[in-house]
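Lettering follows sequence order; numbering is per chain, from 1.
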Amino acid sequence: MASSDQLPKNYDFAEVEERWRSTWRDEDHYFDRNSKKPQFVIDTPPPYPTGNFHIGNALNWCYIDFFARYKRMKGFNVMFPQGWDCHGLPTEVKVEELNHITKNDVSREEFRKMCRELTEKNIAAMRITLRKMAFSTDWSNEYITMTPKYYSKTQLSFLRMLASGYIYQSEHPVNYCTRCETAIAFAEVAYEDRETQLNYFDFDGVEIATTRPELLAACVAVAVHPNDERYHKLKGTSMKVPLFGHDVPVVQDEAVDPAFGSGAVMICTFGDKQDVHWWKQHNLALRKAIDRQGKMTAIAGKYQGLNSTDCRAAILADMKEKKILHRQEKLAQRVGTCWRCKTPIEILSERQWFVKIKPDEIQKAAHEITWYPGHMLLRMGNWVEQMEWDWCISRQRIFATPIPVWFCRKCGEMVVPDEKDLPIDPTLVKPKHACKKCGSTEFDGEVDVLDTWMDSSISVLNVTGWDGSGKPPYFPAQIRPQGHDIIRTWAFYTILRAVALTGSRPWDQILVNGMVLGEDGFKMSKSRGNIIVPEEILEKNGADALRQWGAMGAATGSDIMFNWNDVVSASRFQTKMWNITKFALIQLEKGGFDKNTPVTALADRWLLVRLSDTVEQVSDAMEAYQFDVALKAIREFAWDALADNYIELVKGRLYQQDASRASACLVLHTAFDALCRMLAPFTPYFAEECYSYFNPGQSVHKQPWVSFTYDDEAARVEGNTLVLVVAEVRKYKHDNGMALNAPLGKVTIYAPHTVNDEGDTGRTLNADVHWRTDAAKLDRAITDIDFNRSVVGKTFRKEGQAFMDAVKALSPEQLANPPKTIQFGGTEVALPENVFTPKYSYMEEGAKVDVLTVGDVIVTIAKK
RNA sequence: GGGCUCGUGGUCUAGUCGGUUAUGACGUCGCCCUUACACGGCGGAGGUCGCCGGUUCGAAUCCGGCCGGGCCCA
């Protein structure tokens with residue numbers, strides 16, 4: 001044990017956190033591949049390396065670290081890996097920005113190199129924040145998706161799914177961002193409200209309303225509702241498209257809303273998802289009017305080369321000139337946009353690669369996973385149920401995992417590499433063998449690359465040791481922690497891939513965290529100016545305070561508003577605990593106790609009962625990932641039970657030197673030790689610091705989780721009474737304008753049981769206290785009656801009020817000594833036990849005394 | 001329009017398989033520098049638990065409707 005004068009007066013989080021950070025060793029958090037302990041593998045989210053670890057990440061990682069540390073203390077072999085999901089557009093855009101180039105100004109390889117360098121720099125910056133936050137990361141299991149080691153696994157998974165028929169290529173309409181010049185998946189489409197114009201124009205004699213006149217060239221049909229009598233005569237005919245002159249059929253479809261616009265609608269390839277639907281259903285022609293750059297194609301005739309906005313204006317102008325534009329109306333609509341750049345997406349038909357979605361097997365696996373909170377499973381279910389198209393996994397970009405296939409230049413045959421040659425970039429290397437079909441040695445490498453989610457959706461396979469040969473050794477993982485915003489992407493794709501590649505669910509449990517909102521209750525955004533970065537909190541209040549906010553800010557799973565109040569109260573709790581530490585150290589260094597000291601005094605036994613309850617509550621909450629409940633119970637025990645009640649009660653005993661002192665010392669030590677351990681997952685720096693003063697050279701993070709139990713029902717009941725009595729007398733002092741330590745004179749406590757308080761009550765109240773078990777010899781008058789309404793209601797139901805009136809009508813003698821039965825409403829009924837408590841006013845031996853009642857305990861205070 | 005979710009003192013929040021006086025934090029007001037702590041202690045004020053209706057002896061809690069916020073999706 002260290003000496004108490006080594007403790008600084010104030011807790012200096014900056015100094016302490018820095019010191020432990022440089023003391024702790026990474027190896028202590030490594031997953032042990034030779035361990036016999038049960039495994040607990042975490043499928044940590046690999047963040048996108050933007051260079052800034054934002055507060056949403058921080059919350060997510062707090063949860064992970066809480067249970068990672070808890071599980072280690074519980075004896076699990078924990079793997080808390082750290083990945084980095086590198087590929088993708090934002091980095092490409094950033095590189096273009098920083099270097100003032102576009103991706104086409106340099107070679108693909110040069111561009112990739114620039115992306116890699118930026119990513120490495122960003123990862124380095126984010127690692128520093130992770131370390132400051134004291135996350136117990138397993139750095140031996142770090143993975144970076146842009147490295148050959150990782151993306152060879154991505155490519156292997158691609159080849160396996162290609163071989164098993166999950167992956168195919170096909171020409172199919174896809175969502176396409178013409179600014180990013182790439183296909184995107186539905187999960188990457190963000191819908192935004194926009195105001196647009198609905199244009200009514202003459203379409204070969206029929207009025208048609210459209211929001212997208214620029215797609216006139218891509219018109220392939222006119223659709224009407226089959227029951228719409230206005231258009232019965234059009235059935236089976238064809239119509240001439242204005243301005244362009246090609247003929248299109250008239251089709252009938254129930255999905256046409258006769259009340260919208262004119263009730264006749266033109267089908268274009270493709271204005272929206274509905275067009276795709278109709279196009280498939282009615283087997284219509286395909287007319288591509290917009291190309292990958294968003295420019296009008298040759299079929300747009302004189303409009304060729306215009307972008308869609310200019311084309312729209314030009315076509316409307318031409319319609320006006322031809323006097324076929326009838327009118328225009330404003331219309332609010334939701335348009336699909338690219339979630340990264342907010343450009344409205346186009347639906348283009350392109351040759352792309354797809355992953356087959358099999359809803360049933362995904363649902364089955366999703367249901368085998370335990371979801372925290374449970375309702376998040378519904379979100380997954382809803383998403384799976386309404387999937388219409390397969391997952392488009394090809395992208396026309398550069399910084400991504402290459403699709404490892406070639407095509408024979410002569411016969412078009414697809415050629416794949418040997419698995420042992422992975423990773424490969426088919427644009428840089430050639431196949432090792434000639435084409436099996438035609439013998440040609442001329443090939444074109446696939447230039448499309450993979451969707452980033454193809455990398456990250458095998459994170460769990462990567463960490464559990466998947467290499468394509470049999471079941472991965474640590475699969476499935478125990479838990480996936482992630483936010484609810486990426487259920488439809490990361491969680492969904494991971495389940496899909498795990499099932500496709502291994503046939504089973506990827507994890508046992510999934511813990512879904514909420515979003516972090518700004519202090520104003522809105523999503524954090526630059527425009528609102530409500531962004532809080534973790535670094536700012538680390539600077540002002542330290543990692544432990546930030547972590548406490550993460551635990552207590554809201555129930556696990558619900559959205560959490562950032563709140564400086566919570567950070568401040570977290571810091572105050574640390575101050576309080578720091579002083580408890582100091583007090584305990586000062587008392588315990590005086591010595592005089594050992595583990596075999598008998599614990600006899602009521603206050604001591606009571607605290608052990610409270611501690612036992614707390615340990616149980618906290619442990620249960622940790623198992624259920626209810627970090628708010630756990631930390632709240634810890635704080636309540638430390639602040640309320642230990643500091644405000646117990647220490648105040650036994651202070652006097654600790655200041656003196658006798659046998660009863662040892663009992664208090666043992667209890668104090670037991671409680672303090674348990675507190676350090678329970679705090680360890682939440683406030684690792686702080687818990688380590690406190691623990692180290694009592695156990696120099698030892699780390700609290702290597703101790704087992706608390707398993708303390710103490711069963712003493714009498715101590716619970718009587719101790720609660722004791723605490724309430726003391727509080728009541730303090731309040732009495734307060735009400736009488738006395739200082740809390742002012743001497744009080746004779747206090748007599750009439751309790752139903754003997755109380756061995758070792759003089760604690762008298763010392764803490766600074767009074768001449770006498771505990772007695774006999775009945776108080778008081779003249780008492782009943783002033784009121786308290787009913788136990790839960791008993792009254794259960795027993796008498798509707799007659800409850802009548803019963804209470806009957807009791808009130810009893811004489812004072814009867815109330816003081818209640819009969820077994822009572823009459824009311826014409827019948828005689830048994831008087832239930834504990835159904836009422838009379839309120840008394842007391843006189844002791846004719847002398848003036850103040851009387852307090854606490855439950856069934858009577859306290860008389862004889863004034864001096 | 002659909003699904004999910006939330007609505008509790010000035011602010012944030014716990015409680016929600018019904019039951020005596022609705023939890024805590026921050027703020028606020030009063031008293032107290034008691035040999036761990038004034039970054040503290042003790043106490044007070046402050047709530048028609050979104051609104052309306054129902055079930056019940058009894059509803060923040062269960063049911064129905066409405067209003068409002070958030071997220072996801074049409």
Sugar-phosphate, base or nothing in reach of T575(A), heavy atoms under 4.0 Å: base
Presence of salt bridge, E636(A) and K632(A), under 4.0 angstrom: no
Partner set under side chain to side chain contact (heavy atoms under 4.5 Å, CB included) for R379(A), not counting sequence neighbours: M376(A), H484(A), I487(A)
Is_stacked (W383(A), C72(B)) at 5.5 Å, 30 deg: no
H734(A) (side chain) and G41(B) (base): donor-acceptor pair under 3.5 Å: no
Secondary-structure notation, RNA chain B, from Watson-Crick and G-U pairs under 3.5 angstrom (| other strand): (((((((..(((......[....))).(((((.......))))).....(((((..]....)))))))))))).
Validation row, ring centre Y63(A) to ring centre Y625(A) under 6.0 Å: no
Whole-Å P distance, U21(B) and C42(B): 25 Å
Nearest-nucleotide comparison on RNA chain B, the residue closer to the 5′ end among I580(A) and M552(A): M552(A)
Within residues 720-734 of chain A or reaching into it, pairs that qualify as salt bridge (charged side-chain N to carboxylate O under 4.0 Å, His left out) - sequence neighbours excluded: K731(A)-D735(A)
Closest listed nucleotide, where the reference is the side chain of H375(A) and the choices are A14(B), C37(B), C4(B): C4(B)
Salt bridge present between D604(A) and R653(A) (N-O < 4.0 angstrom): yes
From A36(B), C39(B), C12(B), nucleotide with atom closest to N10(A) side chain: C39(B)
Pi-cation contact, W639(A) with R572(A) (under 6.0 Å, within 45°): no
Candidates G19(B), C71(B), G41(B) - which lies nearest the side chain of R797(A): G19(B)
Residue met sooner reading RNA chain B from 5', once E648(A) and R635(A) are mapped to nucleotides: R635(A)
Selection from G3(B), C12(B), C37(B) that lies nearest to any side-chain heavy atom of N563(A): C12(B)
Whole-angstrom distance between A22(B) and U61(B), as gauged at atom C1': 11 Å
